[in-house]
Amino acid sequence: KPVIELGARLAGAERVGILIFELTNCFQAPQHQEVDHAAGTGKIKTAREFGLLHEIVELDGLRHHRRVLEELDALLHGIPLEMFRWISSNPGLARLDDYHLPYAFDYLKAQSANGHTQLYYDWFPKQARGALGKK
């Protein structure tokens, strides 16, 4: 079963917005597992490829995230900016209509700069062990 851990510093609408995004990762578990499996079977040979593919799955997660926020916005007749202002590719958001999905290049560059992609690079050897043991 998926486990979502949120830092204690997160509160209120920002916490809810991030939780919604993390749920998209759970929803996309089959895609994440496919990347992990490819590393385990040796189809993915580098941490860089592994990290990029996981980040692309997460980029697609922003599509789901935005769709959920649109539904909430319509239902609640407005949602707090904190629910989506944390997305680094959209600085200075003033309303949900300003929340645009980033271009893949910009998103991947930002994820690398903020250290997120490094988490996948660090995770790669654990997933690739099966393939490494077969050599």
Side-chain angles (χ1 to χ4, degrees):
K1 293 182 180 181
V3 174
I4 297 172
E5 296 180 5
L6 298 176
R9 71 166 184 79
L10 292 173
E14 181 183 21
R15 185 178 187 91
V16 172
I18 291 173
L19 178 60
I20 292 168
F21 177 74
E22 292 301 334
L23 286 170
T24 71
N25 279 335
C26 294
F27 176 73
Q28 296 183 111
Q31 290 88 337
H32 284 293
Q33 290 166 356
E34 184 177 331
V35 175
D36 291 346
H37 180 74
T41 61
K43 289 181 182 173
I44 292 176
K45 298 184 183 335
T46 68
R48 181 168 171 79
E49 182 182 6
F50 181 79
L52 287 172
L53 288 171
H54 272 294
E55 291 290 13
I56 289 170
V57 172
E58 290 204 28
L59 174 59
D60 287 344
L62 289 176
R63 295 181 196 292
H64 299 298
H65 180 257
R66 191 173 193 305
R67 192 173 312 123
V68 170
L69 292 182
E70 287 172 347
E71 291 173 11
L72 282 173
D73 190 59
L75 183 68
L76 301 174
H77 306 291
I79 58 173
L81 296 176
E82 293 78 19
M83 289 184 80
F84 52 89
R85 192 175 266 165
W86 55 269
I87 300 169
S88 61
S89 60
N90 284 264
L93 295 174
R95 56 198 174 108
L96 183 59
D97 287 346
D98 296 333
Y99 171 8
H100 301 287
L101 296 175
Y103 289 106
F105 181 80
D106 296 333
Y107 176 80
L108 293 171
K109 195 163 74 169
Q111 292 298 84
S112 180
N114 72 25
H116 190 268
T117 308
Q118 186 63 46
L119 299 171
Y120 287 122
Y121 294 165
D122 295 344
W123 190 18
F124 174 71
K126 295 176 185 105
Q127 296 301 313
R129 277 196 188 116
L132 295 174
K134 293 175 188 174
K135 290 182 179 183

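Excluded from the calculations below are hydrogen atoms, water molecules and symmetry mates; all remaining heavy atoms, backbone and side chain alike, are included. What you see is a predicted model; the values in this text were computed from it and never measured.
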TODO: Taking all non-hydrogen atoms of both residues into account, name the closest pair between G17 and H65 and its distance.
DONE: O-NE2, 3.0 Å

Open item on the list: When you compare the side chain of E22 with that of I18, does any pair of heavy atoms fall below 4.5 Å?
Closed with: yes

Open item on the list: Please find the pair of heavy atoms, one from T41 and one from A38, that lie closest to each other, and give the distance.
Closed with: OG1-O, 3.3 Å

Task: Short side-chain to backbone donor-acceptor contact, S112 and L108, under 3.5 Å - done: no

Task: Heavy-atom check, side chain of F21 versus side chain of T24, under 4.5 Å - done: yes

- [ ] Report yes or no: do L119 and Y107 belong to one cluster of Ile/Leu/Val/Met/Phe/Trp/Tyr joined by side chain heavy-atom distances under 4.5 Å?
- [x] no

Open item on the list: Test your reading of the model: is there a side-chain donor-acceptor pair from Q28 to the backbone of V57, 3.5 Å cut-off?
Closed with: yes

- [ ] Give a yes or no on whether the backbone of A94 and the side-chain of D98 come within a donor-acceptor separation of less than 3.5 Å.
- [x] yes

Open item on the list: If I take atom NZ from residue K126 and atom CZ from residue F50, how far apart are they, to the nearest 0.5 angstrom?
Closed with: 10.0 Å

- [ ] State yes or no: do L76 and M83 share one hydrophobic cluster built from I, L, V, M, F, W and Y residues joined by side-chain heavy-atom distances below 4.5 Å, directly or via other members?
- [x] yes

Open item on the list: Ignoring hydrogens, what is the shortest heavy-atom contact between A39 and F124? Give both atom names and the distance.
Closed with: CB-CE1, 3.8 Å

Open item on the list: Once side-chain hydrogen bond (donor to acceptor under 3.5 Å, both in side chains) is applied, what residue pairs with a partner in residues 49-62 remain, sequence neighbours excluded?
Closed with: H32-H54, D36-H54, E55-Q111, E55-H116, E55-T117, E58-Y120

Task: Same cluster (ILVMFWY, side-chain, under 4.5 Å), V16 and I79 - done: yes

TODO: Measure from the side-chain N and O atoms of R66 to the backbone N and O of L96, and report whether any donor-acceptor pair falls under 3.5 Å.
DONE: yes

Task: hydrophobic_cluster_shared for W86 and I4, side chain cutoff 4.5 Å - done: yes

- [ ] Say whether F27 and V68 are linked into one hydrophobic cluster, either directly or through other cluster members, by side-chain heavy-atom distances under 4.5 angstrom.
- [x] no

Open item on the list: So, taking the atom named CG in L62 and the one named CG in L69, what distance separates them when rounded to the nearest 0.5 Å?
Closed with: 10.0 Å

Task: Heavy atoms from other residues, nucleotides or ligands near CD of E34 exceed 12 (cutoff 6.0 Å) - done: no

Open item on the list: Using 30° and 60° as the class boundaries, would you call the ring planes of F84 and Y99 parallel, tilted or perpendicular?
Closed with: parallel

